[in-house]
Amino acid sequence: MNLIRRPRRNRQSAVIRDMVQETRLSVTDFILPVFITEGQNVRSEVSSMPGIYRYSLDLLLNEIEECVDLGLKTFDLFPNIAESKKDKYATESYNPNGLYIQAIGAIKARFPDVMIMTDVAMDPYSSDGHDGIVENGKIVNDPTLEVLGKMALAQAQAGANIVGPSDMMDGRVGYLRQVLDEGGFHDVAIMSYAAKYASAFYGPFRDALESAPKFGDKKTYQMNPANSREALIEAQLDYEEGADFLMVKPALAYLDIIKLLNDNFHLPIAAYNVSGEYAMIKAAAQNGWLDGERAMMESLMAIKRAGANVILTYFAKEAARVLNS
Ligand code: PBG
């Protein structure tokens, strides 16, 4: 047959496939979320996230060192807080002597070139398990901002490079920018969880932190999975309020949202490949139902192809090994 267009010509060998490849993953694309817990010499596996551990600070430092040797440079820190330290106003979140704030300082002291991203939301420290203050069964927006401001400031004072408001309160990016600037932290960046959906895929993360809501759900602040135009409103506001990065979360079920934000905003777009997305691939791989390594790399590639140039993923260390080999 005399076909003028034969797309298979560009797929006929590994060399040509490599040459025409449009998207390439790099270790520098990744941010690894890490879980810290109290104590010494503690390394406890999250049962719903095989291969992911909660570390005490001493062991977390070793883990970070291994990751740095693989080329990973940014870590997003999340705390597992004892129930006895939780309260209605998440006061532990800005305790300068608390686990989280101390850990930021210790990591930056040992690895000055590593970037520390922090989480700004009340849920790990809240006795209600919600991201904001609860009054009469409702999550109240404006009083929550004050807590978030104290949290972000304490994190910046400890040496955080990027703060990540994951709470979805209205106006928090502008409020945090103001608090950080007034504190002299002009260089601390804000990666806003701009389009964060009320998703079932956060389940294993809530196991890791033991932070599930004590009542109700998060639908009055996190977005409805059915909506994409609303993501443009959230992203626009975060842009105007001073966000340095716009994040979409989860990633794999929201590739259209990643593309939408990438097409409409000139900020770097991040995507959070969340705990449930990790757990699904791990579970299927453990059952021998799919090739875990290939599924991991294909998923990460898809997230980047959709338009995310920063990927937060529990696969970061494993993927770095693959990319380095
Ligand atoms: C909460 C927060 C969540 C995640 C990051 N920050 C869960 C939630 O909103 O309940 C989820 C991350 C993951 O599932 O990997 N502020």
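First listed ligand is number 1; within each ligand, the first listed atom is number 1.
At a 4.0 Å cut-off, not a single heavy atom of Asp167 sits close enough to ligand 1 to count as contact. Contact between Gln222 and ligand 1 is present, with at least one heavy atom of the residue lying under 4.0 Å from the ligand.
Of all protein heavy atoms, the one lying nearest to atom 2 (C) of ligand 1 is Lys196 NZ, 3.2 Å. Nearest protein heavy-atom neighbour of atom 1 (C) of ligand 1: Asp123 OD2, 2.8 Å. Among all protein heavy atoms, the one lying closest to atom 16 (N) of ligand 1 is Ser166 OG, 2.8 Å. What sits closest to atom 11 (C) of ligand 1 on the protein, heavy atoms only, is Lys249 NZ, 2.9 Å. Atom 8 (C) of ligand 1 has its closest protein heavy atom at Lys218 NZ, 3.3 Å.
Judged by the 6.0 Å and 45° rule, Lys282 forms no cation-pi pair with Phe315. Geometrically, Arg43 does not engage Tyr55 in a cation-pi contact defined by less than 6.0 Å to the ring centre and at most 45° from the axis.
Counting the atoms of ligand 1 from 1 in the order shown, those under 4.0 Å from a heavy atom of Ala121 are 16 (N). Taking every non-hydrogen atom of Arg206 and a distance limit under 4.0 Å, the qualifying atoms of ligand 1 come out as 8 (C), 9 (O), 10 (O). Residue Tyr314 has at least one heavy-atom neighbour below 4.0 Å for each of these atoms of ligand 1: 12 (C), 13 (C), 15 (O). Near Tyr272, the atoms of ligand 1 lying under 4.0 angstrom from a non-hydrogen atom of the residue are 12 (C), 15 (O).
Between Phe215 and His130, the angle of the ring planes lies from 30° to 60°, which puts this pair in the tilted group. Taking the six-membered ring where tryptophan is involved, the planes of Phe205 and Phe78 are perpendicular, since the angle between them exceeds 60° and thus also 30°.
When Pro33, Ser275, Ala251 are ranked by how near their heavy atoms come to atom 14 (O) of ligand 1, first place goes to Ser275. If you check each of Phe205, Tyr197, Tyr278, Tyr202 against atom 3 (C) of ligand 1, the one with the closest non-hydrogen atom is Phe205.
A donor-acceptor pair shorter than 3.5 Å can be found between the side chains of Ser56 and Asp58. In this structure, a donor-acceptor pair under 3.5 Å is absent between the side chains of Ser127 and Asp87. Side chains of Arg206 and Ser211: a donor-acceptor N/O pair is absent below 3.5 angstrom, by distance only. Residues Lys85 and Asn95 have side chains that never bring a donor and an acceptor to within less than 3.5 angstrom of each other.
Counting heavy atoms closer than 4.0 Å to ligand 1, residue Val274 contributes atoms from both its backbone and its side chain.
Counting only heavy atoms from C-beta outward, the side chains of Val163 and Leu180 approach each other to under 4.5 Å.
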